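In what follows, residues are counted from 1 in the order of the sequence shown. In this text, all values refer to a predicted model and were calculated from it rather than measured experimentally.
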Amino acid sequence: MDGYFDQVIERRGTDAIKWDLCGRLYGSEEVLPFWVADMDFPVPGPVLRALTERVEHPVFGYTKESSSVQEAVVARMQRLYSWNVKPGDIHFMAGVVPSMAAAVRSFSSPGDGVICMTPVYPPFYSIIKEEGRTLLENPLRCSEGGEYSIDYENLEELASRASMLLLCSPHNPVGRVWRRDELQKLAEICSRHNLMVISDEIHGEIIFPENEHIPFASLNADTASRTLTCIAASKTFNVAGLATSVVIGTDPQVFSRFKAGLPGISGHANLFGLTALEAAFTACDDWLDGLISYLDGNRRLVQDFFASLNSGISSNLPEATFLSWLDCSGLGMDDGELKRFFAEKALVGLNPGVSFGEGGEGHMRLNFGCPRALLEEGLERIASAV
């Protein structure tokens, strides 16, 4: 796959949120986008061929999921994680965020406390707010070296006032892959306080060497009985525009309760999303190996670049995702000044850390899921601005 991920594909004018909203969001069409979490790589060949073949059939009516796409999910969970999932444990939805919102509605009541570990993906906050629940923030601990860990003592205290935990695993934006011992300790707290867990595992396949993603629900029977897992092909295989995700619930009573609340919320599955997901899960392992290798180079490039720049900006080395978490506190700017500095002076579009909640102050998130030439141009713009 030499050169495959180096292709620079023009996305302007394709209604790509990442590119075509840059002028409006950052004040200039000259801004290079490294914000919203989709990648600038072409989809795998088998996905493109499967979609092309389906498009050649001229009718795109209401669609149910096939047994083959169900089996693709079942087989992948078994092969990647030794996780025994049955076809009846699977429900297809139009995205992870709608899935989580539906689960919050099904398993909590207005006013209930819902815990999330901050800083975290912003829709966690909007789901809790829009569903009328009470946000309980459990800030991650950050060492002087920039290593993040779970604050279990604070979590234990919050759990006594909550009915639900929204888990981000791997964690966006800090890029942590939670180890088995960390997840087990988390599971013990959830069990003691009878917390329902909605686990967003959308980045679970973009895992760098020496790390292992473990589905939270796969830990033991008790954890499975209180967990709904949300996954998708969207981040891994760059098909977010096809709006298709999977909810997995291996406890029949829990899953029935979830699905009972879906009428009026969830419609038919997306025809092309299902087509892409099946091809991605069954025929794209070589492509994924190449992607991980390329992204590994990009994440190291970002970290090494800021280490050598000695600018007051440092980058973590994420264990997962294609997102770097930049500590910009050394620049001596407040969060408004940081946003303007990167957008107006460096002409790069990053996500402000404060949008991820408590613990995001003084940080920016950079998406390195792009050809290296674009990434290098963005980094040089930052160096010149500094």
Side-chain angles (χ1 to χ4, degrees), residues 34-35 37 114-125 128 135-159 162 165-186 189 199-201 203 206-208 210-214 216 299-300 302-339 341-342 350-368 382:
F34 300 95
W35 62 293
V114 179
I115 302 169
C116 60
M117 300 171 188
T118 64
V120 74
Y121 181 50
F124 278 43
Y125 301 109
I128 294 170
L135 170 66
L136 299 176
E137 293 181 280
N138 173 224
L140 296 173
R141 287 176 169 161
C142 184
S143 69
E144 289 187 6
E147 297 293 327
Y148 283 86
S149 60
I150 298 171
D151 185 341
Y152 294 104
E153 291 180 5
N154 176 253
L155 180 61
E156 186 90 54
E157 190 277 325
L158 293 176
L165 168 72
L166 302 186
L167 176 64
C168 195
S169 179
H171 195 91
N172 171 14
V174 306
R176 271 300 317 276
V177 177
W178 304 119
R179 300 185 307 271
R180 184 176 295 276
D181 63 312
E182 292 174 305
L183 292 174
Q184 287 174 333
K185 194 168 182 178
L186 178 63
I189 293 173
S199 187
D200 171 6
E201 302 186 10
H203 288 282
I206 305 179
I207 306 293
F208 294 112
E210 300 180 1
N211 297 285
E212 177 190 10
H213 175 64
I214 301 167
F216 186 65
R299 69 171 179 145
R300 294 181 185 280
V302 172
Q303 187 187 49
D304 292 346
F305 176 85
F306 286 111
S308 63
L309 187 61
N310 194 26
S311 62
I313 306 171
S314 61
S315 172
N316 71 337
L317 190 67
E319 298 169 346
T321 80
F322 44 87
L323 307 163
S324 287
W325 188 234
L326 307 183
D327 182 349
C328 306
S329 56
L331 291 177
M333 300 180 187
D334 64 29
D335 291 298
E337 291 169 333
L338 273 180
K339 182 178 179 180
F341 170 78
F342 284 100
L350 310 184
N351 292 103
V354 288
S355 67
F356 297 89
E358 186 173 351
E361 305 85 357
H363 290 75
M364 301 291 284
R365 191 188 75 171
L366 183 151
N367 175 352
F368 57 82
I382 294 171

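In this structure, Pro170 and His213 have side chains that are in contact, with non-hydrogen atoms separated by less than 4.5 Å. The closest side-chain heavy-atom distance from Ile128 to Leu166 is below 4.5 Å. Residues Phe322 and Asn367 are in side-chain contact: their nearest non-hydrogen atoms beyond the backbone lie under 4.5 Å apart. The closest side-chain heavy-atom distance from Phe208 to Leu317 is not below 4.5 Å. A heavy-atom distance below 4.5 Å is found between the side chains of Asn172 and Phe356. No side-chain heavy atom of Ile207 sits under 4.5 Å from any side-chain heavy atom of Glu212. Using a 4.5 Å cut-off on side-chain heavy atoms (C-beta onward), Asn154 and Pro139 make contact. Side chains of Leu140 and Ile150 form a contact here, defined as non-hydrogen atoms less than 4.5 Å apart.
If you run side chain to side chain contact (heavy atoms under 4.5 Å, CB included) between Thr321 and each of His171, His203, Arg176, only His203 comes through.
To the nearest 0.5 Å, atoms CZ (Arg179) and OG (Ser149) are separated by 8.5 Å. For the atom pair Phe342 CZ and Leu326 CG, the distance stands at 6.0 Å (nearest 0.5 Å). Separating the CG atom in Leu186 from the CH2 atom in Trp178 is a distance of 9.0 Å, to the nearest 0.5 Å. With rounding to the nearest 0.5 angstrom, the CG atom of Leu158 is 5.0 Å from the CD1 atom of Ile115. Distance OG/Ser311 to CD1/Ile382: 8.5 Å, rounded to 0.5 Å.
When atom types are taken as modelled, the side chain of His363 and the backbone of Glu361 share a donor-acceptor pair closer than 3.5 angstrom. Asn316 places a side-chain N or O within 3.5 Å of a backbone atom of Val174 that can act as its donor or acceptor partner. Checked by atom type and distance alone, the side chain of Glu337 pairs as donor or acceptor with a backbone atom of Asp334 at under 3.5 Å. No donor-acceptor pair closer than 3.5 Å links the side chain of Tyr148 to the backbone N or O of Gly175. Of the possible donor and acceptor atoms, none in the side chain of Arg365 sits under 3.5 Å from a partner among the backbone N and O of Gly353. Not a single donor-acceptor pair under 3.5 Å links the side chain of Ser199 to the backbone N or O of Glu201.
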Give the intermediate values and the outcome of side-chain contact (heavy atoms from CB on, under 4.5 Å) for residues Leu165 and Asn138. CA-CA 10 Å; Leu165 168 72; Asn138 173 224; over 6 Å; no
May I have the step-by-step check of side-chain contact (heavy atoms from CB on, under 4.5 Å) for Val302 and Phe34, ending in yes or no? CA-CA 12 Å; Val302 172; Phe34 300 95; over 6 Å; no
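Nearest heavy-atom pair across Arg299 and Phe368 is CB-CZ, 3.5 Å. Across all non-hydrogen atoms, the minimal contact from Thr118 to Glu358 is OG1-O, 3.1 Å. Taking both residues in full, the closest heavy atoms of Phe306 and Ser314 are given as CB-CA, 4.3 Å, listed atom of the first, atom of the second, then distance. Looking at every heavy atom in both residues, Cys168 comes nearest to Phe124 through CB-CZ, 3.9 Å. In plain terms, the two heavy atoms of Met117 and Val120 that are nearest each other are O-CB, 3.1 Å. Between Tyr125 and Pro119, the shortest heavy-atom distance links the atoms OH-CA, 4.4 Å.
In this structure, Glu156 places its CD atom where more than 12 heavy-atom neighbours from other residues, nucleotides or ligands lie under 6.0 Å away.
Considering only residues two or more places apart in sequence or on other chains, Tyr121 meets the ring-ring contact (aromatic ring centres under 6.0 Å, His included) condition with none of them. Applying the salt bridge (charged side-chain N to carboxylate O under 4.0 Å, His left out) test to Asp151 and every residue at least two apart in sequence or in another chain returns Arg141.
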